[in-house]
Amino acid sequence: MIDLYDKKLNCTETLRDKWPVLIDTFVDFYGEDRRKEIEEKFSKALPIAYLSIKDKKSYLSKIDAEISSNMFNAMLKNEVSNFTYKDLLGTCTLKNPKHSIIDRFDTFYNLHCLGAEGRKTLYKKEGLENIQIYIPAFTASEYDEMVETRELPSKYEKANTVLRNYLLDCSDISKADDTYKRAFKLISSFISKIDPNITLDNFDSYVQNNEIKTLIKYTQIFPALLTEYNEIMKKYKTIQEEVDLAAVNEEKYQTEYYYKLIESNRDLLKEEDLKLFDSVKGELKTHKLNKNITSVFGSGLDSSAGILSFSEENNEKLADSDASSWVKESITNERISYFKARGIDLGDKYEDYVNSPEAKTVWPSNERISNFQSMKDRLKSESNDAFYSSLPSYIETKKEVDALNLLGPTSGYETRIFKDAIGPTYVCPNIVKKDNGYELFSTVVINSGLNVEDGVVDHHIIHEFNHLFELHLNKVDDSACDILCGWDDLHLKMQRCENDENEENTRSHELFNEVINEIITQEIYTKMLEKDRHVFDTKEYAKARRLTSYDNYIFLVKDFYKEFKDDIIASRSDGRIDIIFDKVGKENFEDLNQLIKACGQNFSGFKYLHLINDLRNKKETENTKKFNDLIQKRDAILEKMQRYSLEHSIDNSKISK
């Protein structure tokens, strides 16, 4: 799996390296005569695959675990023993083997080999070094005298108690054996499994025990193993550095924008709490805020804010007799904490606050709650933008995108794609200006962070690249352009033009277009798998079909697609929707389009799941009635299409004669 994880971490390079695979796959479906067209369209796109920081961290962890396991198990196989990876490393990896049995045994055995005098010498060396961390001028002779006399040098006698105790502790060599004893204690439960009779006092007599000898040999080999591991992991150094940087920056920007939320709502805090906030806000450390502040604003942008507990939604929950007592109690407790933070403490009974004129003076209005929520959402978005804009991989890709000088309203690569747990995958059609006029040039953005076992990333890629192939520039001028994507009309204004908020959405066939594109995608991807071609997914996990929201509508169009496939594909790939209009009748086509929209309105999201459940249980419900109505209308529309196609083919035949 390491190769697959590696491809994910280097996702954009992987996608671009597989360009020939994608071209050949589309040529297999659309025909060799269209190779030049496919190559040209694919060349007018910038492919960008991305991973969230969370995914990068996850894949680095998986690579670390697998490499550690492989290398450590290889070491174990070279020696005859019953030890396993879990015995000696447990949940540790070679990235951080501290606290593993093999590391602890190594520490103990090194101390054991030093002997009593050697352990004292080591303790003295480390003691002096520890002191010199805080007092660089502390000399070896001063240290030796302190060890001998157990008294502080005269110039440190008036030091504070903490420092005096620290100096005496570091020079107390009687503790050298304590360290040795603690080292044995940390491995004693493991050692007792080898032989319950082994103790610290008789350990020497067991050094020739086969399993102890093997352990000793492993500790001798282990440093070289770690060196080899670190050498292998150097290839991920840049990615690891970004993950480490992200951990710092994420906290930094979340705190910074959380403080902006507080700053913009200062009137919600008492004077003494404002003084505290003003004294610490420059440090960006939220742990210094008190309970009064966090009771009003929450502990961060992602936490629940006390003022929002007064929302209309929560009012409805409190009034709902079916709502759980736990939910209601949670809401009222938040409100009580809010009142106390505002300086009104009437005890712990919510009813006392509801009936209190004093509490009414700080009870937030619906407008204030709405404005607070809007501000919080905006600041969360700005925090996200600042965070991702600070990361090297984002900066590098954004430079590449900006260098294209795209004229459309959006480049397609903005920080918004990282805002959701599962980021989007899409084609962003765009325009560039050339010497001979305007040309289509798109960004193809692929979320490569989906689970390896899901085997669906390549399917996503084919879906989006089929959109790319079906793009056609119909009309363009200095202010706007019209693009046809399959059957979907896209109207884009140029960046320098103001958006017209009153402009009607021209994407009248958007859902219909996506459903047909999904059907075509499944056929193209099936051919890709037949040739054993892959980008990210593997033969083991790749799936020709995946469950998407578009699958919910395929039952409405599968017979239509099967009957008129050639005309459907021709109309989309040639950028001529009139081909399918001429074949089935524009009115019939639009009727099917409206039927798909109606299905979306009636059975989107969980409504579809409820429908499936009703159908499986053979229930007669409003859902099943609507579904059966859709089926009847679908069949009637298809019948009209067939009749139209037959009649017009006869008419054309007569004309040709």
Side-chain angles (χ1 to χ4, degrees), residues 25-42 44 427 429 439-440 442 462-476 481-491 506-524 527 550 553-554 556-597 633-657:
T25 296
F26 275 79
V27 168
D28 286 345
F29 183 80
Y30 286 105
E32 187 64 39
D33 59 318
R34 306 199 75 156
R35 177 179 287 275
K36 185 176 180 181
E37 178 189 355
I38 292 168
E39 289 176 345
E40 184 178 355
K41 285 195 170 182
F42 283 16
K44 293 179 179 178
V427 171
E439 287 184 1
L440 271 173
S442 307
I462 298 300
H463 182 100
E464 299 310 330
F465 273 78
N466 197 52
H467 278 317
L468 180 64
F469 175 69
E470 292 180 343
L471 286 179
H472 299 273
L473 182 59
N474 284 346
K475 180 184 176 183
V476 63
C481 66
D482 288 309
I483 298 170
L484 187 65
C485 175
W487 296 329
D488 195 10
D489 297 308
L490 309 174
H491 182 75
T506 59
R507 302 184 67 174
S508 56
H509 304 120
E510 183 177 3
L511 183 54
F512 194 178
N513 188 66
E514 288 289 358
V515 177
I516 292 295
N517 186 54
E518 178 56 29
I519 294 175
I520 296 173
T521 294
Q522 291 175 11
E523 291 193 5
I524 297 174
K527 286 183 176 292
Y550 303 133
Y553 305 93
I554 287 179
L556 290 174
V557 299
K558 62 180 180 180
D559 291 335
F560 161 71
Y561 178 78
K562 183 178 179 180
E563 179 120 1
F564 303 106
K565 176 178 175 178
D566 292 342
D567 299 284
I568 288 171
I569 290 175
S571 67
R572 296 168 68 86
S573 60
D574 293 349
R576 289 184 53 205
I577 197 171
D578 58 291
I579 292 176
I580 193 64
F581 287 167
D582 292 343
K583 186 68 177 180
V584 304
K586 183 176 181 180
E587 185 178 341
N588 296 331
F589 180 91
E590 295 296 352
D591 285 345
L592 184 55
N593 183 47
Q594 291 302 317
L595 195 66
I596 294 168
K597 287 183 179 180
K633 288 179 178 178
R634 175 202 68 184
D635 294 344
I637 292 170
L638 182 60
E639 187 177 332
K640 286 196 291 183
M641 286 180 170
Q642 291 167 331
R643 189 161 55 246
Y644 183 96
S645 176
L646 179 62
E647 289 172 355
H648 283 72
S649 65
I650 292 173
D651 290 344
N652 291 335
S653 175
K654 288 178 180 178
I655 292 171
S656 65
K657 288 182 179 179

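- Distance CD1/Ile524 to CG/Asn466: 4.0 Å, rounded to 0.5 Å.
- Pairs engaging residues 584-595 under the side chain to side chain donor-acceptor pair (under 3.5 Å) rule: His509-Glu590 [sequence neighbours left out].
- Between atom CG of residue Leu440 and atom CG of residue Leu473 there is a gap of 4.5 Å, rounded to the nearest 0.5 Å.
- The CZ atom of Arg634 sits 11.5 Å away from the CD1 atom of Ile596 when rounded to the nearest 0.5 Å.
- By the side-chain hydrogen bond (donor to acceptor under 3.5 Å, both in side chains) test, Arg35 is found to be paired with Asp24, Glu32, residues two or more places apart in sequence or in another chain being considered.
- When all heavy atoms of Pro429 and Leu471 are compared, the pair lying nearest together is CG-CD2, 4.0 Å.
- Take Phe469 and apply the ring-ring contact (aromatic ring centres under 6.0 Å, His included) test, not counting sequence neighbours, and it matches Tyr30.
- Scanning all heavy atoms of the two residues, the minimum distance from Leu592 to Met641 falls at CD2-CE, 3.9 Å.
- No side-chain N or O of Asn474 forms a donor-acceptor pair with one of Asp482 less than 3.5 Å apart.
- With sequence neighbours excluded, the residues that form a side-chain contact (heavy atoms from CB on, under 4.5 Å) with Lys565 are Glu523, Tyr561, Ile569.
- Atom CD of residue Glu439 and atom SG of residue Cys481 lie 13.0 Å apart, to the nearest 0.5 angstrom.
- Of the possible donor and acceptor atoms, none in the side chain of Asp489 sits under 3.5 Å from a partner among the backbone N and O of Ser508.
- Between Phe560 and Phe512, the two ring planes are tilted [angle within 30° to 60°].
- The CG atom of Asp635 sits 10.0 Å away from the CG atom of Leu556 when rounded to the nearest 0.5 Å.
- Looking at residues two or more places apart in sequence or on another chain, you find a salt bridge (Lys or Arg N to Asp or Glu O under 4.0 Å) between Arg34 and Glu37, Asp574.
- Between the side chains of Asp582 and His648, not a single donor N or O lies within less than 3.5 Å of an accepting N or O.
- Taking every heavy atom of both residues into account, Ser571 and Trp487 meet most closely at OG-NE1, 3.0 Å.
- The structure places CG of Asn513 at 8.5 Å from CD1 of Ile577, a figure rounded to the nearest 0.5 Å.
- A ring-ring contact (aromatic ring centres under 6.0 Å, His included) check over residues 567-588, counting only residues at least two apart or in different chains, returns the pairs Phe581-Phe589.
- With sequence neighbours excluded, the residues that form a salt bridge (Lys or Arg N to Asp or Glu O under 4.0 Å) with Asp578 are Arg576.
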Please report the C-alpha distance between Ile519 and Tyr553 in whole Å, then the side-chain angles of each, then the deciding distance to 0.1 Å, and finally whether the side-chain contact (heavy atoms from CB on, under 4.5 Å) criterion is met. CA-CA 10 Å; Ile519 294 175; Tyr553 305 93; over 6 Å; no

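- Applying the salt bridge (Lys or Arg N to Asp or Glu O under 4.0 Å) rule to pairs touching residues 464-476 yields Glu470-Arg572, sequence neighbours excluded.
- Considering only residues two or more places apart in sequence or on other chains, His472 meets the ring-ring contact (aromatic ring centres under 6.0 Å, His included) condition with none of them.
- By the 4.5 Å heavy-atom criterion applied to side chains, Lys558 and Lys562 are not counted as neighbours.
- The side-chain heavy atoms of Tyr550 and Asn517, taken from C-beta on, include no pair separated by under 4.5 Å.
- Other residues, nucleotides and ligands contribute only 12 or fewer heavy atoms inside 6.0 Å of the NZ atom of Lys633.
- Asp567 meets the side-chain contact (heavy atoms from CB on, under 4.5 Å) test with Ile579, Ile580, Lys583; sequence neighbours excluded.
- Every side-chain hydrogen bond (donor to acceptor under 3.5 Å, both in side chains) that Glu563 has, sequence neighbours left out, goes to Gln642.
- Checked against side-chain hydrogen bond (donor to acceptor under 3.5 Å, both in side chains), Lys44 has the following partners two or more places apart in sequence or in another chain: Glu40.
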